[in-house]
Amino acid sequence: MEATITHITPSFEIKDDRFDVNQIADSHLMIEVGHDRFRFAIFSSVHNVVMWLEDYHVFSLLNHNQLLSTVKRIYQGHHFLAANYWKTIRLTVNSNHFTLIPDEYYQADEVVKYLNFAAGKNLTEYEQIFEFKQSHFGIINIFSVEKELINWLKEMYPAKKITPVPVISTLIEGIVKDRTNHGLHLYFEENYVSLVYFQDEKLHFCNRFQYRTAPDMVYHVMFIMNELGLETDMPVIFYGEVTSFSEGYILLSKTLKNIEFAKNPTKVKLSQYFEEIPEHRYYTLFSSYYLY
């Protein structure tokens, strides 16, 4: 039975009072959605800054469309999110299943096999496969998204082209644009950690691991670092749902000697209202602006 959600409010928000609905046609809507979160930001071409941020937490997933049910309720209670005259709309999705295929090995008619192999099981009827080309490295990210969610968002914005981009690809694109594509980068979600490693400014390793406890996460990180021959004193940049007070950070900091938290994307300006924002947390959301 689906949970009943009567009212949904953001768990975190920043609002520049200079923004109003009359500026929507001159604003870019950046949406990021995953298994446990829905968030969006607004970049105003009038002021040339990010002016608005709302972040929602999806507390329970009782069935495959719980996320969609929550997103619908967010839209129903929002006074401008459903407007269909945004300048552009960028949709970033956090897919549980993805794989990176070099161009020279990619075959369009094999995408289902690629993803089934990466997932370790056959995709369900609720998933739809998409592709995103990481042109800097000559690879294609093949990923799946909840079909009903994508179809609903396309119906919400019929005048706009809605093309999902995986969060991990947005992270990589942001890192490249910011010219920090060297060393190890860790992206944290609730119960997931993604490791991205660059060698000689080229993508050398990328994978995502699920874990139940913080010690499990630390095991994954240290195992991969050992396999890649990485030293514990190398710079490691953290992104996403992690703080200096979290158990995962405390455990990792006992071994990793040079942890840094990511800064905001260098070429995306933020309103002065964002001065106190935890910059690493919304790096992927803001980096989606690079993809316009």
Q: Taking atom CG of D200 as the centre, report whether more than 12 heavy atoms of other residues, nucleotides or ligands fall under 6.0 Å from it.
A: no

(Q) Would you say the ring centers of H185 and F198 fall short of 6.0 Å from each other? (A) yes

Q: For the residue pair P164 and I150, establish whether any side-chain heavy-atom pair is separated by less than 4.5 Å.
A: yes

(Q) If we count only N and O atoms by modelled type, under 3.5 Å, do the side chains of D26 and S45 hold a donor and an acceptor together? (A) no

Q: Flag the pair T170 / Y289 as yes when at least one side-chain heavy-atom distance between them is below 4.5 Å, and no otherwise.
A: no

Q: Grab the two heavy atoms, one from M234 and one from G183, that are nearest each other, plus how far apart they are.
A: CE-CA, 3.8 Å

Q: Specify the closest pair of heavy atoms between P265 and S287, including all atoms of both residues, with the distance to one decimal.
A: CG-OG, 3.4 Å

Q: Using a 4.5 Å cut-off on heavy atoms from C-beta on, say whether the side chain of L228 contacts that of H204.
A: yes

(Q) In the structure I gave you, are the side-chain heavy atoms of I175 and Y239 within less than 4.5 Å of one another anywhere? (A) yes

Q.
Looking at N264, is its backbone amide N or carbonyl O close enough to the side chain of E279 to form a donor-acceptor pair, meaning the two atoms are under 3.5 Å apart?
A. yes

Q | SB check R18 D16 (cutoff 4.0 Å) | A | yes

(Q) For the backbone of K267 and the side chain of Y290, can you confirm whether one donor and one acceptor N or O come within less than 3.5 Å of each other? (A) yes

Q | Linked hydrophobic residues, V112 as query - side chain contacts closer than 4.5 Å | A | I101, Y105, Y106, V111, Y114, L115, L123, I129, I140, I142

Q: Please indicate whether K15 has more than 12 foreign heavy atoms, meaning atoms of other residues, nucleotides or ligands, lying under 6.0 Å from its NZ.
A: yes

Q: Give a yes or no on whether the backbone of E125 and the side-chain of K147 come within a donor-acceptor separation of less than 3.5 Å.
A: yes

Q. M225, F209: one ILVMFWY side-chain cluster at the under-4.5 Å cut-off?
A. yes

Q | Geometric class of the H280/F261 ring pair [parallel <30°, tilted 30-60°, perpendicular >60°] | A | tilted

(Q) Hydrophobic clustering (ILVMFWY, side-chain heavy atoms < 4.5 Å, transitive) - are Y75 and V145 grouped together? (A) yes

Q. How many angstroms lie between atom CD of E148 and atom CG of L153, to the nearest 0.5 angstrom?
A. 12.0 Å

Q | Test side chain to side chain contact (heavy atoms under 4.5 Å, CB included) applied to T99 and F117, step by step | A | CA-CA 9 Å; T99 187; F117 181 78; over 6 Å; no

Q: To the nearest 0.5 angstrom, please state how far the OH atom of Y157 sits from the CD1 atom of I31.
A: 4.5 Å

**Q.** Working for side chain to side chain contact (heavy atoms under 4.5 Å, CB included), residues F286 and I277
**A.** CA-CA 12 Å; F286 298 147; I277 192 174; 3.9 Å; yes

Q. Do M156 and I89 share a hydrophobic cluster, counting only Ile, Leu, Val, Met, Phe, Trp and Tyr and linking them when any side-chain heavy atoms are less than 4.5 Å apart?
A. yes

Q) Side chains of D178 and Y283: donor-acceptor distance under 3.5 Å anywhere? A) yes

Q: Classify the side-chain pair H35/E146 by whether it contains a donor and acceptor separated by less than 3.5 Å.
A: no

Q. Is it true that a side-chain atom of K161 and a backbone atom of P158 form a donor plus acceptor pair closer than 3.5 Å?
A. no

(Q) For a 4.5 angstrom cut-off between non-hydrogen side-chain atoms, does L100 reach N141? (A) yes

Q.
Counting the benzene-type ring for Trp, do F188 and F238 have ring centres under 6.0 Å apart?
A. yes

Q.
Can you give me the closest heavy-atom contact between S253 and I259, atom names plus distance?
A. CA-CD1, 3.8 Å

Q | F274 backbone acceptor or donor facing S271 side chain under 3.5 Å | A | no

Q. So F137 and V176, side chain to side chain contact (heavy atoms under 4.5 Å, CB included) or not? Walk me through it.
A. CA-CA 10 Å; F137 305 110; V176 171; 3.6 Å; yes

Q) How many angstroms lie between CG in L53 and OH in Y273, if you round to the nearest 0.5 Å? A) 14.5 Å

**Q.** T284 side chain to L171 backbone, donor-acceptor under 3.5 Å
**A.** no

**Q.** Lys/Arg-Asp/Glu bridge criterion (N-O < 4.0 Å) met for E241, R39
**A.** yes

Q. How about N94 and Y187: do any of their side-chain heavy atoms sit closer than 4.5 Å?
A. yes

Q: Treat each ILVMFWY residue as a node, draw an edge where side-chain heavy atoms are under 4.5 Å apart, and state whether L186 and Y192 are in one component.
A: no

Q. Between V50 and M30, is a side chain to side chain contact (heavy atoms under 4.5 Å, CB included) present by the stated rule, with each step listed?
A. CA-CA 10 Å; V50 175; M30 300 177 286; 4.2 Å; yes

Q) Just wondering, are more than 12 heavy atoms of other shown residues or ligands nearer than 6.0 Å to CD in E231? A) no

**Q.** Within-4.5 Å side-chain heavy-atom neighbours: E189 and Q210
**A.** no

**Q.** Contact check, side chains of I224 and N207, non-hydrogen atoms, under 4.5 Å
**A.** no

**Q.** Distance-only side-chain donor-acceptor flag, S288 / E32, under 3.5 Å
**A.** no

Q) Looking at residues at least two apart in the chain, or sitting in another chain, which of them share a side-chain contact (heavy atoms from CB on, under 4.5 Å) with H78? A) F40, E54, Y56, F80, L81

Q: Count the heavy atoms of every other residue, nucleotide or ligand shown that sit under 6.0 Å from CD of E110, and state whether that count exceeds 12.
A: yes

Q) Taking atom CH2 of W52 and atom CG of D17, what is their separation to the nearest 0.5 Å? A) 9.0 Å

Q. Does a salt bridge link D55 with R281, judged by any charged N lying under 4.0 Å from a carboxylate O?
A. yes

**Q.** Shortest non-hydrogen separation from P235 to E260 and the atoms involved
**A.** CB-OE2, 3.8 Å

Q. Considering residues, nucleotides and ligands other than E276, do more than 12 of their heavy atoms fall under 6.0 Å from its CD?
A. no

Q. Any side-chain donor paired with an acceptor under 3.5 Å for D233 and N258?
A. no

Q.
Just verifying a value: how many Å separate T163 OG1 and K160 NZ, rounded to the nearest 0.5 Å?
A. 12.5 Å

Q.
Using modelled atom types and a 3.5 Å cut-off, is there a donor and acceptor pairing between side-chain atoms of S27 and backbone atoms of Q23?
A. yes

Q) In the single-linkage hydrophobic clustering (I, L, V, M, F, W, Y; side-chain heavy atoms under 4.5 Å), do L230 and V193 co-cluster? A) yes

**Q.** Nearest non-hydrogen partners of I139 and P102, listed with the distance
**A.** CG2-CA, 3.9 Å

**Q.** Listed once per pair and sorted, the side chain to side chain donor-acceptor pair (under 3.5 Å) pairs that draw on residues 218-229, sequence neighbours left out
**A.** none

Q.
Looking at R90 and L291, would you say the former's side chain and the latter's main chain have a donor-acceptor pair under 3.5 Å?
A. yes

Q. Closest approach of G34 and L67, non-hydrogen atoms and distance?
A. O-CD2, 3.1 Å

Q) Are the aromatic ring centres of F98 and F132 under 6.0 angstrom apart? A) no

Q. So how far is it from N191 CG to M217 CE, rounded to the nearest 0.5 Å?
A. 10.5 Å

**Q.** K133 atom NZ: more than 12 heavy-atom contacts under 6.0 Å
**A.** no

